[in-house]
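Single-structure report; data block below.
Naming convention: chains lettered A, B, ... in sequence-line order (proteins, then strands); numbering from 1 in each chain.
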2 protein chains.
Amino acid sequence: MISRPPRPRERGIPEATVARLPVYLRALQSLQDRGTLTVSSEDLASAAGVNSAKLRKDLSHLGSYGTRGVGYEVQYLVYQISRELGLTQDWAVAIVGIGNLGRALANYGGFGTRGFRIAALLDADPEMVGQSVASLDVRHIDNLEDVVRSKGVSIGVITTPAASAQGVATRFVEAGVSSILNFAPVVLNVPDGVDVRKVDLSIELQILAFHAQRRADGDGRAAERAGLELT
Amino acid sequence: MISRPPRPRERGIPEATVARLPVYLRALQSLQDRGTLTVSSEDLASAAGVNSAKLRKDLSHLGSYGTRGVGYEVQYLVYQISRELGLTQDWAVAIVGIGNLGRALANYGGFGTRGFRIAALLDADPEMVGQSVASLDVRHIDNLEDVVRSKGVSIGVITTPAASAQGVATRFVEAGVSSILNFAPVVLNVPDGVDVRKVDLSIELQILAFHAQRRADGDGRAAERAGLELT
DNA sequence: TGCTGTGAAACTCTTCACAGCG
DNA sequence: CGCTGTGAAGAGTTTCACAGCA
């Protein structure tokens, strides 16, 4: 168990775990900035807003990186998680649709604290083309294929209006991009093997409204029970 | 067990279902716009990007709103889902942090096609205060409590830098807001009974990078297996 | 002794497959 | 006959509780 190199790990980290690794990473980086050297699962879990058993099980999927009786070495764990997430290489990202949201993303400095590089900004509006946003010239969307090839773009971000999103996605896919982050409120159709993640602002609000309404409904009948919810 | 009205349903719709209702709603509204009167679970499911058994089970939590042999009446289902999500009332939303992202949200017209009203924009920067964004005057954050009270804000949106987010959240909570949508990359600490949802752009990118890396790793060893993944 | 790593139990969510209604 | 609604099986996730190493 000693002379092995860092160990790429067996393959097969649960999705739920993958989704939390970035949160742990952020918490660890903040500890690192504060000069903390080691951290227990209890403390790291509370910084990340999860319970400690979950955190330990999550980390156990990466390997045995903790020390019993002590905790985890912050620096080392930052490196292991970064590597696992693929942040030790850097990914070229193209953003299509330079409205307020596209601009917000382009300017979002610490893009996950390294690992990502905005390689191009594209828009369909001639007014927009040529403008400089976050030190990049906005180019016309007709250049999408060129840009993907020449800059080695592997992640496409779509911040266009809903009506244009599917077209852009298709062009990304045909140009060879197989990771897409979609902010447009539509379901994208892509071939197998292409990974689409969706961020939808209005869906999040609707989920909040659902819970808010439920709380309000309960208040009518159970106002004085003041939040006891044992069943 | 028979003479009951349409039935508000027992209470207890699974979280996973709640998260998909907005997607169904959007698909239904788009069918409605096209003048479609009824839709089968198969067709609606494919418009929403899920499988039909899941869709039927999800809808069954709301009640028996379909007709066997026919499908679902679009109009009626739109209404039922809207009601369940609490979109038949309208929710006053305050946005704190009027940078690019805050502006993008403020201008995001069809905020879930009704149900939400942007009631106030707040910022800490004196330069920003007084400017008009999306037909609203940006006010100074010192007015947060006033605004929450006077406009009846029940959902707070945080688009500030990370360092300010916790402070804003605390003020929201103390002012009586118990639903928060957080875009700042920090874990917020709030008392029980307050519902926080997080949208994190860089986390989404990191998850994409993880999968992209995995695909790339596999390619080295299994390029010619061309995507067969039976194990 | 103090903490990690992990079986096993509990729970949640998805998918299958079909009974039964319109 | 076609499609919904749903039991039951299966997969994935969380939590518990503790064995065992530093």
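Look at CD on E73(A): it is 14 Å from P on dT4(C), rounded to the nearest Å. The NZ atom of K54(A) sits 18 Å away from the C1' atom of dT4(C) (whole-angstrom rounding). When the P atom of dT14(C) is taken as reference, atom CG of L59(B) falls 14 Å away, rounded to whole Å. The nearest whole Å value for the distance from the NZ atom in K57(B) to the C1' atom in dC16(C) is 10 Å. Atom CG in D58(A) sits about 14 Å away from atom P in dT4(C), given to the nearest Å.
Side chains of S46(B) and E42(B): no donor on one and acceptor on the other come within 3.5 Å.
Atom CD of Q75(A) sits in a sparse spot, with 12 or fewer heavy atoms from other residues, nucleotides or ligands closer than 6.0 Å.
Among T17(B), V23(B), V50(B), V18(B), the one residue that satisfies the side-chain contact (heavy atoms from CB on, under 4.5 Å) test with D58(B) is T17(B).
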(request) In sequence, state the C-alpha distance, the side-chain angles, and the governing distance for S30(B) and R34(B), and then conclude on side-chain hydrogen bond (donor to acceptor under 3.5 Å, both in side chains). (result) CA-CA 6 Å; S30(B) 135; R34(B) 245 173 294 152; 2.7 Å; yes

(request) Please lay out, stage by stage, how R83(A) and Q80(A) fare under the test side-chain hydrogen bond (donor to acceptor under 3.5 Å, both in side chains). (result) CA-CA 5 Å; R83(A) 190 177 48 78; Q80(A) 290 301 341; 2.4 Å; yes

(request) Could you please spell out the steps behind the side-chain hydrogen bond (donor to acceptor under 3.5 Å, both in side chains) verdict for R215(B) and S179(A)? (result) CA-CA 10 Å; R215(B) 275 196 305 270; S179(A) 302; 2.9 Å; yes

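Nucleotides of DNA chain D with any atom under 4.0 Å from a heavy atom of chain A span, from 5' to 3', dT13(D) to dA22(D).
Toward the 5' end of DNA chain D, the nearer of the two residues A16(A) and R68(B), judged by each one's closest nucleotide, is R68(B). Along DNA chain D, the nucleotide nearest R56(A) and the nucleotide nearest P14(A) are compared for position; the residue whose nucleotide lies closer to the 5' end is P14(A).
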